[in-house]
Amino acid sequence: MNLMTRSLGLLTFSAGLLLVNGTNPRGAAHAQTADRGSATNSDESVQAKIARAMSAGPAEVAKSARIVDTDGHGTIVLREGNNGFTCMPGNPRVTGDPPMCSDAAAMQWSADFKAHKAKPSNTVPGITYMLAGATQRSDSDPYDTTSPPIPIGPHWMIMWPFDPKATGLPTTHRPTGAYIMWAGSPYAHLHVMGRP
């Protein structure tokens, strides 16, 4: 099964799961996008950055993904890819700047978030993997910069405006299962703990 088919299948499964949960009245993405202008350690090797970036996604995604990093001048391509995903090593010394792998729609969502746009402009759901874990500051405030860091285990996200009332999903972090992160904001998204 090729990667695109698997990704579409995963999105379809997730959407179906949400529709089922949404009809049950009893019945997540971490994406605290950091300012990627602060690059990782400049003494770190390109291979180490590539390995850390690849640790964020499923092996079948990461092996063919484009790998990029940033420095004070912009984006640096560490390795070209051909599957529509981009992986980034992040900066382990910065809260909210984890290694991640995202498709084009999720990259647009992140760019809009970073630019403080009123709402994301992606027209289809995006997917972001953070299987190496992450740190964040808040489940409720997208732009919180002062709360203590919260360590988060491996997870993945669907970057699309989810409503907890329609889905029946909780709005606070949980170690397993799914929840809606940043509920009530235009940047609310599905955050799913664990590996897909």
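This chain uses plain numbering: 1 for the first residue, then up along the sequence.
Side-chain contact between M193 and I152 is present, with heavy atoms from C-beta onward closer than 4.5 Å. Between W156 and T128, the closest side-chain pair of non-hydrogen atoms is not below 4.5 Å. Inter-residue side-chain proximity for W109 and K114 is flagged as unmet; no heavy-atom pair is nearer than 4.5 Å. Residues K49 and M88 fail the side-chain proximity criterion, which asks for heavy atoms closer than 4.5 Å. You'll find the side chain of I67 reaches within 4.5 Å of the side chain of C87, heavy atoms only. Using a 4.5 Å heavy-atom cutoff, the side chains of P120 and P186 are in contact. Contact of the P142 side chain with the S185 side chain is registered, since non-hydrogen atoms from C-beta on lie closer than 4.5 Å.
The heavy-atom pair separating A62 from G57 by the smallest distance is CB-O, 4.3 Å. The shortest non-hydrogen separation linking G126 to D103 is CA-OD1, 3.4 Å. The heavy-atom pair separating A188 from I180 by the smallest distance is CB-CG2, 4.0 Å. Scanning all heavy atoms of the two residues, the minimum distance from T167 to F162 falls at CG2-CD2, 4.2 Å. The two residues Y179 and T171 come nearest to each other via the heavy atoms CD1-C, 4.2 Å. Here the shortest heavy-atom pairing between A178 and L169 reads O-CD2, 4.1 Å.
Separating the CE atom in M130 from the SG atom in C101 is a distance of 10.0 Å, to the nearest 0.5 Å. Here the CG-CE distance, from L131 to M100, works out to 12.0 Å after rounding to the nearest 0.5 Å. How far OG of S138 is from CD1 of I150: 6.5 Å, rounded to the nearest 0.5 Å. In this structure, CG in D112 is found 7.0 Å from CG in N122, a value given to the nearest 0.5 Å. Separating the OG1 atom in T172 from the CE atom in M181 is a distance of 11.5 Å, to the nearest 0.5 Å. Atoms CE and CD, from M54 and Q47 in turn, are 9.5 Å apart once rounded to the nearest 0.5 Å.
Ring centers of W182 and F113: under 6.0 Å apart, within the cut-off. Residues H155 and Y129 keep their aromatic ring centres 6.0 Å or farther apart.
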Before you tell me yes or no, could you show the steps for I76 and T70 under side-chain contact (heavy atoms from CB on, under 4.5 Å), namely the whole-Å CA-CA distance, both residues' side-chain angles and the distance that decides it to 0.1 Å?
CA-CA 6 Å; I76 303 163; T70 58; over 6 Å; no
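Between the side chain of S55 and the backbone N or O of R52, at least one donor-acceptor pair lies under 3.5 Å. Using modelled atom types, one side-chain atom of N83 and one backbone atom of V61 make a donor-acceptor pair closer than 3.5 Å. Side-chain atoms of D139 come within 3.5 Å of backbone N or O of H173 as a donor-acceptor pair.
A salt bridge is defined here as a Lys NZ or Arg NE, NH1 or NH2 lying under 4.0 Å from an Asp or Glu carboxylate O, and E80 with R66 meets this definition. Taking a cutoff of 4.0 Å between a charged side-chain nitrogen and a carboxylate oxygen, D144 and R137 do not qualify as a salt bridge.
Neither V192 nor V124 shares a network with the other; the hydrophobic side chains, linked directly or stepwise wherever heavy atoms of I, L, V, M, F, W or Y lie under 4.5 Å apart, form separate groups for each.
Under the 3.5 Å distance criterion, with hydrogens and angles disregarded, a donor-acceptor pair is assigned to the side chains of S121 and Q108.
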